[in-house]
Amino acid sequence: MSDHFEAGTTTVTGAGDEQIEAYAATPPAERRHGGVVVIHHMPGFDEASKEITRRFGAWGYASLCPNLHHRNAPGAAPDDAAAAARSAGGVPDERMLGDVAGAVAQLRALPTSNGQVAVIGFCSGGRQAMLAAAALDIDAVVDCYGAFVLNPPPSEHGLSMTSLRDRVGEINCPVLGLFGAEDRFPSPEEVAELDRLLSAAGNEPQFHTFADAGHAF
């Protein structure tokens, strides 16, 4: 790990060729490096998500976290933008895919890129990362306690998310999953089913479930 990297707010050309807010961390241009798209959790484009992005920069990866709630409340605080996104039923999948595709392209266009880009997502971002891996040219995906990948959210959550059950077979890159044994969204049963579906499709996911850990451990 190195503290020699640059980080700060930037923009990404996302869905519909719109410029949206993003946060980037870039290691020194001393060698070629891979890229990581960080998909933030439902609480939004917050300091925790930026810290994760910086940590990848410190580890030697060019990292980029697009603000998926940017259009819901431009310039608003993360909590307010997340509330606006939630009141709209969540981030539409096609818009998310356009934003993530723009981030992937931006990372691959860096002169120091080695051409490989992974995506990592947290909570709702875990589901979005898995969808991105199914729909886009991604080299690896990390699902951190992704909620509602297979089972749609309960109605009281107010989120419009469809199951990815019929799409997980389209994921042909390495999959790492990190889950809590005490979590309900996803439950251990849903995690086991996701593991089974990926394996049946010829993937070899590496899933790790941690005892006594709940959601967002």
Side-chain angles (χ1 to χ4, degrees), residues 8-25 36-54 56 63-107 119-136 138 141-165 167 178-180 183-186 190 214-217:
T9 302
T10 184
T11 59
V12 166
T13 303
D17 290 329
E18 290 185 65
Q19 293 294 308
I20 65 169
E21 183 181 30
Y23 192 83
V36 179
V37 177
V38 177
I39 302 182
H40 59 72
H41 54 176
M42 177 53 80
F45 183 72
D46 56 8
E47 183 56 35
S49 300
K50 293 176 183 179
E51 174 57 28
I52 290 167
T53 307
R54 288 192 292 268
F56 277 113
S63 54
L64 192 56
C65 178
N67 182 0
L68 301 182
H69 299 161
H70 176 82
R71 299 173 188 79
N72 297 97
D79 287 348
D80 294 334
R86 184 181 289 275
S87 68
V91 177
D93 284 343
E94 288 306 312
R95 193 180 83 188
M96 178 278 298
L97 288 173
D99 292 348
V100 172
V104 170
Q106 189 159 311
L107 287 171
V119 61
I120 184 171
F122 302 82
C123 186
S124 60
R127 174 191 176 276
Q128 291 166 329
M130 294 293 281
L131 177 56
L136 305 176
I138 302 292
V141 58
V142 183
D143 173 5
C144 296
Y145 41 87
F148 316 127
V149 175
L150 298 182
N151 300 332
S155 59
E156 61 267 23
H157 284 234
L159 298 173
S160 301
M161 294 182 180
T162 58
S163 171
L164 303 183
R165 188 179 304 274
R167 301 210 63 176
L178 305 175
F179 308 99
D183 201 349
R184 292 191 302 136
F185 304 111
E190 183 176 353
H215 192 69
F217 58 90

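We're numbering straight along the sequence, starting at 1. In what follows, every heavy atom counts, from backbone to side chain, and hydrogens, waters and symmetry copies are set aside.
- Residues Pro154 and Phe148 have side chains in contact (heavy-atom distance under 4.5 Å, counting atoms from C-beta outward).
- Ring geometry for His157 against Phe185 counts as perpendicular: the plane angle is over 60°, on a 0 to 90° scale with 30° as the lower cut.
- The two residues Ala81 and Ala76 make their nearest non-hydrogen contact at N-CB, 4.2 Å.
- Using modelled atom types, one side-chain atom of Glu190 and one backbone atom of Leu150 make a donor-acceptor pair closer than 3.5 Å.
- Residues Leu64 and Thr10 are in side-chain contact: their nearest non-hydrogen atoms beyond the backbone lie under 4.5 Å apart.
- Within 6.0 Å of the CZ atom in Arg184, the count of heavy atoms belonging to other residues, nucleotides or ligands does not exceed 12.
- In this structure, the side chain of His40 engages the main chain of Leu68 through a donor-acceptor pair within 3.5 Å.
- In terms of the ring pair (Phe, Tyr, Trp, His ring centres under 6.0 Å) criterion, His41 has no residue partners (sequence neighbours excluded).
- In this structure Pro92 satisfies the side-chain contact (heavy atoms from CB on, under 4.5 Å) test together with Arg95, sequence neighbours excluded.
- In terms of heavy-atom proximity, Tyr145 sits nearest to His215 at O-CE1, 3.3 Å.
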Inset, instruction - Starting from the C-alpha separation in whole Å, work towards a yes-or-no answer on salt bridge (Lys or Arg N to Asp or Glu O under 4.0 Å) for Arg127 and Asp93. - result: CA-CA 10 Å; Arg127 174 191 176 276; Asp93 284 343; 2.9 Å; yes
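- Met42 is listed as a side-chain neighbour of Leu159, based on a closest heavy-atom distance under 4.5 Å.
- The 12-atom threshold is exceeded at CD of Glu51, counting heavy atoms of other residues, nucleotides or ligands nearer than 6.0 Å.
- The side chain to side chain donor-acceptor pair (under 3.5 Å) search around Gln19 returns Thr11, Thr13, not counting sequence neighbours.
- Contact of the Val100 side chain with the Gln128 side chain is not registered, since no non-hydrogen atoms from C-beta on lie closer than 4.5 Å.
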